[in-house]
Every structure is written in structure tokens, then in C-alpha cells.
Amino acid sequence: MDWIEIIVKTTYEAKEAVTNILHEAMVSGIVIEDPNDIINLLKDEQERWDYLDEDLIQDYYDGVVIKGYFENNKDSVEKVDYVKEQINMLPRYDLDIGMTEIEVQNIEDRDWNSEWKKSFKPFRLGDRVVIKPSWEDYIPTEGDIVIEIDPGSAFGTGSHETTSICIEQLEKHVTIGEKVLDIGTGSGILGILASKLGASQ
């Protein structure tokens, strides 16, 4: 089933009212892009972050962008008209909607849970380890240790820096017959590599 995305570019003052209108139109989901979320992080909560890219704010619309999604069916036109009509009535309630813009577009239905797989390609960690997703082809070079995984919501890709550092140490120190304890076992990649390097347990 395809979807309708309705995009409302409006003022901060109208944010809650527009969101409520979309809820009343029975949208299936709402996304709010508010630059204040980033501004507040930069001003008030910086100590909670190791790093925050201040350039993020440059990508935001000067105002609030609210996106609503609903199924493209016989009621779609009626819902879009309802949203437009209700938003245009907001100034009657002394709400400043400024130069509010409303865009509507069709979105082709996709398996969004699998879309990210397109950008996940085989990659090298340490000197010899190659992490390969199960759906990608890879021709190993001499000495490669290939670990094939099928990551998902509960199975990581192994790309985190701590995993990379541990892989480098495993390559250096694990010898045949040793016992290895993988504390954490997020993706299991370290345990798999230890086994491939010859660990007995």
C-alpha cells in the first residue's frame, strides 16, 4: 500500500495546533523537525554529549516542519482537504501561522526495515578481519578472516570503535587452544573471531 505524506512548514507558535490537526485527521505517524531541539542541546545540555555537530542547525527550515503520514486510499483527498482547511482557520484563534506552506506527496510503500541494508557493505576491521553481511558478495584476499553476519535490531554490525579495538587485540594475542571470555557480546563478532583464530572455548 502506498502512503500520502503531508508536509507543513509553519511557525513555532502553530506547532502544537498543526500537530493536533494531523492527529484529528487520523494520520498513522507524525515527524516533527524543530531546530529548537538542537538549539536547546547546544545551549543547555552540552555537558551530556561527547560530541554534537553544530552544523546540524544549518540544515533546518527556519520554523518547524511537521510531517504526517496516512494510507493512500479513497479517503486521502478528504483528509488532505480537512488538514488544509483547519490549518487555514488557525489565525481565527489568534495563532500566528506566518507563511505556512503545505505540500503533499505520494510515497511508494517499501520494506523500510530492510532499506538500510542497501548501504551496509563488507568492511575491514583490524588487519585481517572482514565483516560481510549475508546478502553481499565478497571475494576474500589471502589471509582474510571473513565473518558473515545478518545484523538486525538485536544484532549489531560490529562497526563500533570498541569492537574494532578489541578485534585488533584479538588478532595480536589469541593463539590456538586458548580460552576467551567475551564480556558484553553485543553482536557476538568477538566470540566468532576468537573461534576463527583458534580459541578452544
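Numbering starts at 1 and runs along the sequence shown. Side chains are part of it too, since the values below use all heavy atoms of this structure and drop only hydrogens, waters and symmetry mates.
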Derivation and outcome, side chain to side chain contact (heavy atoms under 4.5 Å, CB included), residues Lys84 and Val80: CA-CA 6 Å; Lys84 289 179 177 179; Val80 169; 3.8 Å; yes
Could you list the donor-acceptor pairs under 3.5 angstrom formed between side-chain atoms of residues 190-201 and any protein atom two or more places apart in sequence or on another chain?
unit_1, atom_1, unit_2, atom_2, d
Lys196, NZ, Val146, O, 3.2
Ser200, OG, Gly177, O, 2.9
Ser200, OG, Glu178, O, 3.4

Residues which pass side-chain hydrogen bond (donor to acceptor under 3.5 Å, both in side chains) with Glu13, listed by chain and number, not counting sequence neighbours: none
Close side-chain approach of Tyr69 to Ile4, heavy-atom, < 4.5 Å: no
Side-chain donor/acceptor of Glu171 to backbone N/O of Arg128, under 3.5 Å: yes
Short side-chain to backbone donor-acceptor contact, Thr10 and Thr100, under 3.5 Å: no
Apart from Val77 itself, residues in the same hydrophobic cluster as defined by side-chain heavy atoms under 4.5 Å: none
Backbone of Glu16 reached by a side-chain donor or acceptor of Asn20 within 3.5 Å: no
Met89 side, atom CE; Arg92 side, atom CZ - distance, nearest 0.5 Å: 4.5 Å
Min side-chain heavy-atom separation Val64-Ile66 under 4.5 Å: yes
Trp3 and Asn72: CA distance, side-chain angles, deciding distance, side chain to side chain contact (heavy atoms under 4.5 Å, CB included) verdict: CA-CA 5 Å; Trp3 295 83; Asn72 189 357; 5.9 Å; no
Residues that Tyr82 engages under side-chain hydrogen bond (donor to acceptor under 3.5 Å, both in side chains), provided they are two or more places apart: Glu24
Separation of Ile165 CD1 from Leu170 CG (nearest 0.5 Å): 12.0 Å
Contact summary for Asp96 and Thr11, nearest pair of heavy atoms: O-OG1, 2.5 Å
Hphob cluster co-occupancy, Tyr138 + Ile149, side-chain heavy atoms under 4.5 angstrom: no
Heavy atoms of other groups near Met26 CE, more than 12 under 6.0 Å: no
Lys15: side-chain hydrogen bond (donor to acceptor under 3.5 Å, both in side chains) partners, not counting sequence neighbours: Asp34
Heavy-atom pair of closest approach, residues Val83 and Ala25: CG2-CB, 3.7 Å
Working for side chain to side chain contact (heavy atoms under 4.5 Å, CB included), residues Phe70 and Leu22: CA-CA 10 Å; Phe70 47 86; Leu22 289 169; 5.7 Å; no
Donor-acceptor under 3.5 Å (Asp81 side chain, Glu78 main chain): no
Cluster overlap Ile189 with Val130, hydrophobic side-chain contacts below 4.5 Å: no
Side chains of Ile7 and Val104 in contact at under 4.5 Å (non-hydrogen atoms): no
side-chain hydrogen bond (donor to acceptor under 3.5 Å, both in side chains) partners for Lys121, two or more places apart: Glu136
Verdict with supporting geometry, Arg124 and Asp144, side chain to side chain contact (heavy atoms under 4.5 Å, CB included): CA-CA 9 Å; Arg124 185 174 295 277; Asp144 278 353; 2.9 Å; yes
Separation between NZ of Lys9 and CD of Glu103, rounded to the nearest 0.5 Å: 4.5 Å
Check against salt bridge (Lys or Arg N to Asp or Glu O under 4.0 Å), Asp137 and Lys132: CA-CA 8 Å; Asp137 294 325; Lys132 183 189 94 63; 5.7 Å; no
Gln105 CD: over 12 foreign heavy atoms closer than 6.0 Å: yes
Inter-residue atom distance Asn106.CG - Asp2.CG, 0.5 Å rounding: 6.5 Å
Any Pro122 side-chain heavy atom under 4.5 Å of Ile131 side chain: no
Ser76 side chain to Glu71 backbone, donor-acceptor under 3.5 Å: yes
